[in-house]
Protein chains: 2
Amino acid sequence: MYSQMGELSSRQQKILQFLIEFMDDNQYPPSVREIQDGCDISSTSVVDYNLRRLEEKGYIHRGKEISRSISLESNQSKRTIPVPILGKIAAGVPLPMPSESDVWSSDQEMLELTEDQTQGKKVFALMVEGTSMIDALINDGDIVVLEPTSSCDNGEMVAVWLKSENETTLKKFFHEGEKIRLQPMNATMSPIYVDPANIEIQGRVVTAIRSM
Amino acid sequence: MYSQMGELSSRQQKILQFLIEFMDDNQYPPSVREIQDGCDISSTSVVDYNLRRLEEKGYIHRGKEISRSISLESNQSKRTIPVPILGKIAAGVPLPMPSESDVWSSDQEMLELTEDQTQGKKVFALMVEGTSMIDALINDGDIVVLEPTSSCDNGEMVAVWLKSENETTLKKFFHEGEKIRLQPMNATMSPIYVDPANIEIQGRVVTAIRSM
DNA sequence: CCAAATCAAAAACATATGTTCTAATTAACA
DNA sequence: TGTTAATTAGAACATATGTTTTTGATTTGG
């Protein structure tokens, strides 16, 4: 019972498994002889042979004559980006604009996100407190990831500070003539119309995350 | 103008910078001589000397007599876990249970998540299609991350396959006497009562993610 | 069953690479 | 300033490590 074209032999699977675990434990790839020991293989040439096969089949990549230069082609775990949870957003709590110092203060509560989720932007996060945002499909305990901005386009979901009411909420933003319409995402809720001078946009919502 | 106790000399900063970039480009740490070249240092002993200092000060870690065994102590960006998006969940679409082969098929659409979000469990993901789940604060285009399970506790949010209707939905699960109550998360929606034989639990919702 | 391809085993080879030694140079300090 | 510690230089050493070669076993396909 052996492998076909793109398939892996049991030995190759074992090596691949070992590679993953080794690079997980240590922070560097194993040498040929470490693979040999770890997989109970009698010869380095057998390791080399199967590594060539793994490279042919696209599972790994190797540098020529470079020690420990194996890298996993698939499982290239993308690096994560630490995102600061700057605070909680709820009724009545004004939200300070994030500054560089905030982002780099180390005792900040942090969230690890992938580049997919941050979309390559310098973002910060807020924890939603209470159910006041439930109209925007955002529940108590949810985390919203925002890209800092002071302006936005129509239809974008933004964190808006209502100066007169000293309150920050998440709404959809629409510029309509002299006024600005802040639209909850639930059709059963009524929009709020405010004067442009009365609001300050704090960030555009990039992602919302809910942990159960 | 030189370094104090915990500070880094300009050469050590340069080396540290090079380490980060090198391990970012390639997937393995550099050798002493590659550091030498990359930082315009005249001798390997100088590299070794400064690497010792960097290790003393806790910036890196090295293995003895092991090539390319440098790992960054701080910037250990947490690894991400590839999560397969097995399909879409919507009205009328039965959802096959994920198998090992599914997880390893490479042409699967993938999502990169952090360990925080998967909670260390072997999870899979589904894309929500349509607004039929809006009662559970889950919108069209959202991604739900599920832990495979065939049983669950009361109150947990699960993906349930209703056999008779050949339909999979996300609901809160309650075992009540002879029947099972499947409760939407919105109080204005009515629960569904079903026979235990008529359902099959496919997974427990761990996380929900919405990208804007 | 035979021939070709695939895989494994053992040993040897070449060099990539961490380490050490000694001396020179520069910075810190009192 | 002189003395000590920190850093740099160059070279050589020891071995860790990728690679090759040869031989033999095992599988595959007709």
What heavy-atom pair brings A:I60 and A:R62 nearest, and what distance separates the two atoms?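 Taking every non-hydrogen atom into account, CD1-CG, 4.1 Å.
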
Grab the two heavy atoms, one from A:F18 and one from A:P30, that are nearest each other, plus how far apart they are.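 Where A:F18 meets A:P30 most closely, the heavy atoms are CE2-CB, 4.0 Å.
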
We want to know whether B:R68 and A:S67 form a side-chain donor-acceptor pair, criterion being a heavy-atom distance below 3.5 angstrom. yes

Under a 3.5 Å cutoff, is there a donor and acceptor pairing between the side chains of B:Q17 and B:Q13? no

From A:K171 atom NZ to A:I201 atom CD1, the distance as rounded to the nearest 0.5 Å: 13.5 Å

Going from CG on B:N154 to NE2 on B:H175, what distance comes out if it is rounded to the nearest 0.5 angstrom?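 Going from CG on B:N154 over to NE2 on B:H175, the span is 8.0 Å.
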
Rounded interatomic separation in angstrom, taking [atom1] from [X] and [atom2] from [N]:
X: B:L51; N: C:dT17; atom1: CG; atom2: C1'; value: 13 Å
X: A:Q12; N: C:dA8; atom1: CD; atom2: P; value: 8 Å
X: A:Y28; N: C:dT17; atom1: OH; atom2: P; value: 15 Å
X: B:R68; N: C:dT19; atom1: CZ; atom2: P; value: 14 Å
X: B:I35; N: C:dG18; atom1: CD1; atom2: P; value: 8 Å
X: A:D37; N: C:dA9; atom1: CG; atom2: P; value: 14 Å
X: A:R52; N: C:dC7; atom1: CZ; atom2: C1'; value: 14 Å
X: A:D48; N: C:dA14; atom1: CG; atom2: C1'; value: 14 Å

Classify A:S69 by what it touches in the nucleic acid, base, sugar-phosphate, or nothing, heavy-atom distance under 4.0 Å.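 If one applies the 4.0 Å heavy-atom cut-off, A:S69 turns out to touch nothing in the nucleic acid.
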
Base, sugar-phosphate alone, or nothing: which one does B:S43 contact when heavy atoms must sit under 4.0 Å apart?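 Base contact - B:S43 has a heavy atom under 4.0 Å of at least one base atom.
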
With respect to the phosphate group of [N], does any side-chain polar atom (N or O) of [X] fall under 4.0 Å of OP1 or OP2?
X: B:S67; N: C:dT17; value: no
X: B:R11; N: D:dT8; value: yes
X: A:N50; N: C:dT6; value: no
X: A:T44; N: C:dA10; value: no

By nearest atom, which of the nucleotides [options] is closest to the [X] side chain?
X: B:E65; options: D:dA9, C:dG18, D:dT19; value: C:dG18
X: B:V32; options: C:dT17, C:dA12, C:dG18; value: C:dG18
X: B:K64; options: D:dG10, C:dT19, C:dA10; value: C:dT19
X: B:S45; options: D:dG10, D:dT8, C:dT6; value: D:dG10
X: A:V46; options: D:dA9, D:dT17, C:dA9; value: C:dA9
X: B:Y49; options: D:dA6, C:dA10, C:dG18; value: D:dA6

Under the 3.5 Å rule, do the base of C:dG18 and the side chain of B:R62 count as making a donor-acceptor pair?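 Between C:dG18 and B:R62, which were checked side chain against base, a qualifying N/O pair under 3.5 Å is absent.
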
